[in-house]
Amino acid sequence: MTDKSATNELELLDKYWRAANYLSVGQIYLMSNPLLREPLLPEHIKPRLLGHWGTTPGLNFIYAHLNRIIRQRSLDLLYVCGPGHGGPGMVANTWLEGSYSEIYPHVSEDEAGMQRLFRQFSFPGGIPSHAAPETPGSINEGGELGYSLSHAFGAAFDHPELIVPCIIGDGEAETGPLAASWHGIKFLNARRDGAVLPILHLNGYKIANPTLLGRSSDEDLKQLFSGYGYEPLFVCGHEPADMHGQMADALDRAFTKIAGIQKEARTHNASPGVPRWPMLVLRSPKGWTGPQEVDGKKVEDFWRAHQVPVSACREDASHRRILENWMRSYQPEELFDANGRLNPELRALVPEGSKRMGSSPYANGGRLRRELMTPDIHNFALDTGRPGSISGQATEQFGRYLSEIFRRNQDNFRLFGPDETASNRLSPVFDVTDRTWMEPLKDYDEQLSRDGRVMEILSEHQCQGWLEGYLLTGRHGLFNCYEAFIHIVDSMFNQHAKWLKVTRKLGWRKPVSSLNYLLSSHVWRQDHNGYSHQDPGFIDHVANKKADIVRIYLPPDANTLLWVGDHCLRTWDRINVIVAGKQASPQWLDMKSAIAHCEAGMGVWEWASSAGEPDVIMACAGDVPTMETLAAVDLLRAYLPDLRIRVVNVVDLLALQTQEQHPHGKSEAEFDALFTRDKPVIFAFHGYPTLIHRLTYQRNNHRNFHVHGFNEEGTTTTPFDMTVLNELDRFHLAQAAIKHVPGVADRHPELLDDLQERLAEHHRYVREYGDDVPEVKNWTWSGLK
C-alpha cells in the first residue's frame, strides 16, 4: 500500500470513528432530531440522561481499526468489551455495520432507525446502558467488571481459527479476577486453540479517581506485562491523526506476530510452550473528543467525562449549546446521506457477512453448538447389591463416566477446577487426558501436558470465567470445586444467570450448553480442614434465581450421581448445581432404581419404609443426611417396632416448590402423597435448614416440617461429630421423631434419656480417642425389620 493510499484509508477510518462517536453521544442525549437538521431544542433531549461517555470513544477507535484488520486479513474476530459502560459504542458500531438492523429491523439503517436507536438507549422499555445480551456481538455482560479476559481465553480454547481482541478498562484492571486472568496465555495452545489479544485501554480514571495502571509509567507497564509473558505494544497520545497511524502500525505488528506463532506451532504440529504473545496498551484521554470544560471545570481527560459530561441540557441553554457544538464537531453531514444512511465510502470499511463482529457466530455460540457425545451410564453403574450393603465413592465413579466423555469429545468438552480434580476423586479422567500446562515441564511431572484438557488454576474466578467463555461460544464443560469456596464466584454466577434469563427471551440468541457445577469436599466431610471449609450456602444463593434457569441436585449415591451428571451435561440454557460427596459411603440404589428415582425427583424408599399410612416421615436430601436418616430409622425400629415410618429421599431439591414456583415442582396431590397433610416430617438436609422452609412454605403440611441441617457449628473433628454438632446425626433425628409423633414421648420418656446418654458417650469417646464410636463407625444398614 502506498503512503497516499494508507493516508486516505486512515482518513476514512477517522470519519468512521467520528460516525460511531456521533451515534454514541446521540444515544446518551437525544430522543429526536437525530441528524441535527434543526437547532437543538429542549424537547429533543431526553428528560433523564443516563449512560457513560468516558470509555466509549476509545472503544469506537479500537472497533474501527479492527474492522480494517478483518478486511485485510479475512479473520474471524470476537470483540470482547470489558468496559461494560461502553454500551453506546457497541450498539453504535453494530448499527453502522448493519448487524443491529438485521436483528432488530425496526431500528433501520436510516434517519427513522437512528432516532429509534437514540431513543431506546437507557430509556423505559428500551435497552441497557452497558454491553448486554441484547447487544449483537457481545458475550460479556457489562454489569460487573473483571471477567472480560477470562471470557476471552475461554472463547479461544479449541477454536483455532478465532482471534479474540479483549478490551480491558484500566478500572477493570484493578479487580482481582482480571488481575489473575493475564495468566491465560500459560494455558493457550497455539496449535489447537485460537488467540487472545488483550488491549489495555488506559484513559486514566474511574468514576471519581485516577486508576492505578493509568498513573503507571510506560516503563513500569512494559516490565509488568513482559513479566507476565507478553510483548507489550504502546499506542499513546491525543491527536487523532497521529493515533490512527500508531494504532494501525501496532495492530499490524500484533496480528503478524500472532500469525507467526500459530504457523510455527501448526507447521511443526507441536506447541512451543508459552510464546511471547502480543498485547496492546492504548493510552487515550477519557471522554476523548468530548467537551474539554463545562462550567469552567475540566472534563475531557478527567473523571468528569465518565458518565454524562454535560448534564443540564434541557434546562440550561449554555449546556445545550455545548452539547450541540460537541455533536456538530463530528460533522454528521459528511458521514450520513440525506436519508440518514452511512455514506457508501464509509460503509465500504465494514467487513462482510459473518466477518462483521456484530454478526460473528462465535458471539452467538448456540449457532456453533454441537451435541455432546455421551456414553450409556449403565456402563459405569455400581453394583450395589442389597441397599446399604456396600460402600463406594460417588465422584470416583462419575470420574470414570467423565473419562469417556473426554474420549468422545476431544475438542468440545473441558473440565475446570481450582487444583481439586484429584482431591474431588475425579482422577479417572487422567487415564484419558492430562492437565493443560504450557509452562516448562519437568521430567518428574505427572499428569501435565501441552494437550491436556483438564483446566486447573488456583483461581475460582478463572475457572468460572473460562467455562463461561467456552460455553458462550458453543461448547460444553463442568466446573468442579470445593463446596465452601464456590462462594468466591457468587457474583459471576449472578451475572451468568441474568445473561441466560435475558437470552431466553431473545429469539436470535440460540441456546448454549448449561453451566454445570459439581460441588464436592462438602460441609459434612471436612475432617482435617475444619470450620473454614464448612459452608453449604451456595445452594441458598442459587435458589434465589429465576426458576426456569437454575436446578439443584443432591444425589445420595454413585448411581444417582451418574444419572444427574449425565442429565445436566445434556441440558442447555441452565445452571445446574450438583452436590455430591467424594468419601466412601453406603450405596443405596441399583441403576434401574436410581434412574426412576431421579426422574421423579423425589420419592418414597419403599424398601426402607413401613407398610401403610405412616406415623412419621423421615425425609432426607444429600448423601450424609440420607445415611443419618436411615441410621435413625434403624434406631427407631429397635426402640419402637410398631412405629410406622416412611422414608422420603429428595434428589431434585427445587421440586419441593409448587408447580407455580418451579417447573419441576410437585403438584399438591403428589406432594401430599409423599409427605401427608398432617404427619410430622423430620427432614435431614445437607444445607441450612431455612432453605427447606423457604421451598415448602406454601405446602399443606409445612407446619409439621422439622428440619435439621447445618447451623454454623463446625470444627476439625470426626465426620459423625460434625453431624452431632449440628443435630443432624441419627440420635438427634430419632429424638425428633419421638418428640413429634403424638404421645410417643409421654409413653416412652426412657427412650429420650437413652438417646441422650448415647450422645454423651459419643462426646466422651471422640474427645478421648479422636475417633467415632465403634457403633457409628462400623454402622451398616440392617434393612427393613
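Start at 1 with the first residue, then count along the sequence. Any value given below was found using the heavy atoms of this structure, including those in side chains, with hydrogens, waters and symmetry copies removed.
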Distance-only, no hydrogens or angles: does the Asn480 side chain make a donor-acceptor pair with backbone N or O of Phe416 under 3.5 Å?
yes
For Val489, does its backbone N or O pair with a side-chain atom of His461 as donor and acceptor, under 3.5 Å?
no
With a 6.0 Å cut-off on the ring centroids, do Phe685 and His708 count as close?
no
Could you please spell out the steps behind the side-chain hydrogen bond (donor to acceptor under 3.5 Å, both in side chains) verdict for Glu606 and Ser609?
CA-CA 5 Å; Glu606 300 287 357; Ser609 302; 5.2 Å; no
Ignoring hydrogens and geometry, is there a side-chain-to-backbone donor-acceptor pair from Asp623 to Asp557 under 3.5 Å?
no
Can you confirm whether or not the ring centre of Phe493 sits under 6.0 Å from the ring centre of Phe538?
yes
In sequence, state the C-alpha distance, the side-chain angles, and the governing distance for Tyr482 and Asn529, and then conclude on side-chain hydrogen bond (donor to acceptor under 3.5 Å, both in side chains).
CA-CA 12 Å; Tyr482 280 14; Asn529 286 314; 5.2 Å; no
Test Leu426 against Val454 for side chain to side chain contact (heavy atoms under 4.5 Å, CB included), laying out the working first.
CA-CA 11 Å; Leu426 298 176; Val454 176; over 6 Å; no
Verify the distance criterion only: is there a donor paired with an acceptor across the side chains of Gln661 and Thr658 at less than 3.5 Å?
yes
Indicate, with yes or no, if the rings of Phe479 and Tyr517 have centres closer together than 6.0 Å.
yes
So, the side chain of His476 versus the backbone of Arg370: is there a donor-acceptor pair under 3.5 Å, distance only?
yes
Measure the shortest side-chain to side-chain distance between Pro663 and Arg551 over non-hydrogen atoms and say whether it is less than 4.5 angstrom.
yes
Rounded to the nearest 0.5 Å, what's the gap from CE on Met618 to CG on Asn649? Could you check?
13.0 Å
Minimum heavy-atom separation for Thr780 to Gly388, with atom names?
CB-O, 4.4 Å
Minimum heavy-atom distance between Cys568 and Ile578, given as atom pair plus value
SG-CD1, 4.0 Å
Do Trp605 and His597 have ring centres separated by under 6.0 Å?
yes
Tightest non-hydrogen contact, residues Leu562 and Ile377, listed as O-CG2, 3.8 Å
Gap separating the CD1 atom of Ile738 from the CG atom of Leu755, nearest 0.5 angstrom
5.0 Å
Are the side chain of Gln526 and the backbone N or O of Tyr531 linked by a donor-acceptor pair below 3.5 Å?
no
Look at Glu371 together with Arg369 and state whether they make a salt bridge at an N to O cut-off of under 4.0 Å.
yes
Output yes when Lys666 and Asp652 qualify as a salt bridge under the 4.0 Å nitrogen-oxygen rule, no when they do not.
no
Here's one to test your reading of the geometry: is the NZ or CZ of Arg475 within 45 degrees of the ring axis of Tyr470 and under 6.0 Å from its centre?
yes
Only one of Asn379, Thr374, Asp566 passes side-chain hydrogen bond (donor to acceptor under 3.5 Å, both in side chains) with Tyr401; say which it is.
Asp566
What is the minimum heavy-atom distance between Thr716 and Gly530, and which atoms define it?
OG1-CA, 3.5 Å
May I ask you to say whether Lys679 pairs ionically with Asp615, meaning some side-chain N is under 4.0 Å from a carboxylate O?
no
May I ask you to decide if Gln393's main-chain N or O and Glu396's side chain share a donor-acceptor pair within less than 3.5 Å?
no
Quick one: CG on Asp419 to OG on Ser459, what's the gap to the nearest 0.5 Å?
12.0 Å
Does a side-chain N-to-carboxylate-O contact under 4.0 Å join Lys501 and Asp548?
no
Identify the two heavy atoms, one from Thr571 and one from Ser514, that lie closest to each other, and give their separation to 0.1 Å.
OG1-OG, 2.7 Å
Quick one: do the Ser423 and Lys582 side chains pair a donor with an acceptor below 3.5 Å?
yes
Would you check if the side chain of Thr473 reaches a backbone N or O of Gly469 as a donor-acceptor pair within less than 3.5 Å?
yes
Looking at Phe406, is Arg453 sitting on its ring face, NZ or CZ under 6.0 Å from the six-membered ring centre and within 45 degrees of the normal?
no
Do Arg699's NZ or CZ and the ring of Phe671 fall within the cation-pi criteria of under 6.0 Å and 45°?
yes
Would the distance check show the side chain of Ser520 and the main-chain N or O of Ala580 forming a donor-acceptor pair, the cut-off being under 3.5 Å?
yes
When you look at His686 and Glu483, which way does the side-chain hydrogen bond (donor to acceptor under 3.5 Å, both in side chains) test go after all the steps?
CA-CA 11 Å; His686 174 87; Glu483 181 184 46; 2.6 Å; yes
Side-chain donor-acceptor contact under 3.5 Å, Asn424 with Thr395
no
Would you tabulate the side-chain donor-acceptor contacts of residues 586-596 under 3.5 Å, counting partners in other chains and residues two or more places apart, or write 'none'?
unit_1, atom_1, unit_2, atom_2, d
Gln587, OE1, Ala558, N, 2.8
Gln587, NE2, Gly392, O, 3.2
Gln587, NE2, Ser585, O, 3.0
Trp588, NE1, Pro586, O, 3.4
Asp590, OD1, Lys592, N, 3.3
Asp590, OD1, Ser593, N, 2.7
Asp590, OD1, Ser593, OG, 2.9

As an exercise, state the distance from CG of Leu561 to CG of Leu518, rounded to the nearest 0.5 Å.
6.5 Å
Could you walk me through whether His706 and Phe683 pass side chain to side chain contact (heavy atoms under 4.5 Å, CB included), step by step?
CA-CA 6 Å; His706 307 280; Phe683 203 124; over 6 Å; no
Test side chain to side chain contact (heavy atoms under 4.5 Å, CB included) on Thr715 and Gln534; report intermediate values, then the result.
CA-CA 8 Å; Thr715 183; Gln534 294 162 358; 5.8 Å; no
Glu761 side, atom CD; His763 side, atom NE2 - distance, nearest 0.5 Å:
11.0 Å
Checking side-chain hydrogen bond (donor to acceptor under 3.5 Å, both in side chains) against Asp772, which of Asn778, Thr718, Thr717 comes through?
Thr718
Provide the closest heavy-atom pair for Thr436 versus Met455 in the form atom of the first, atom of the second, distance.
OG1-SD, 3.2 Å
Counting distance only, does the side-chain N/O of Asn704 pair as donor-acceptor with the main-chain N or O of Val681 below 3.5 Å?
no
Spacing of Asp729 atom CG and Arg758 atom CZ [to the nearest 0.5 Å]
11.0 Å
Salt bridge present between Arg407 and Glu404 (N-O < 4.0 angstrom):
yes
Kindly confirm or rule out a cation-pi arrangement of Arg730 over Trp779, judged by NZ or CZ under 6.0 Å from the six-membered ring centre and within 45° of its axis?
yes
Scan side-chain atoms only and decide if Gln756 and Gln735 contain a donor-acceptor pair under the 3.5 Å cut-off.
yes
Could you walk me through whether Ile539 and Tyr688 pass the side chain to side chain contact (heavy atoms under 4.5 Å, CB included) check?
CA-CA 9 Å; Ile539 56 178; Tyr688 292 101; over 6 Å; no
Verify the neighbour count for atom CG of Asp383: are there more than 12 heavy atoms of other residues, nucleotides or ligands below 6.0 Å?
no
Ignoring hydrogens and geometry, is there a side-chain-to-backbone donor-acceptor pair from Ser403 to Arg400 under 3.5 Å?
yes
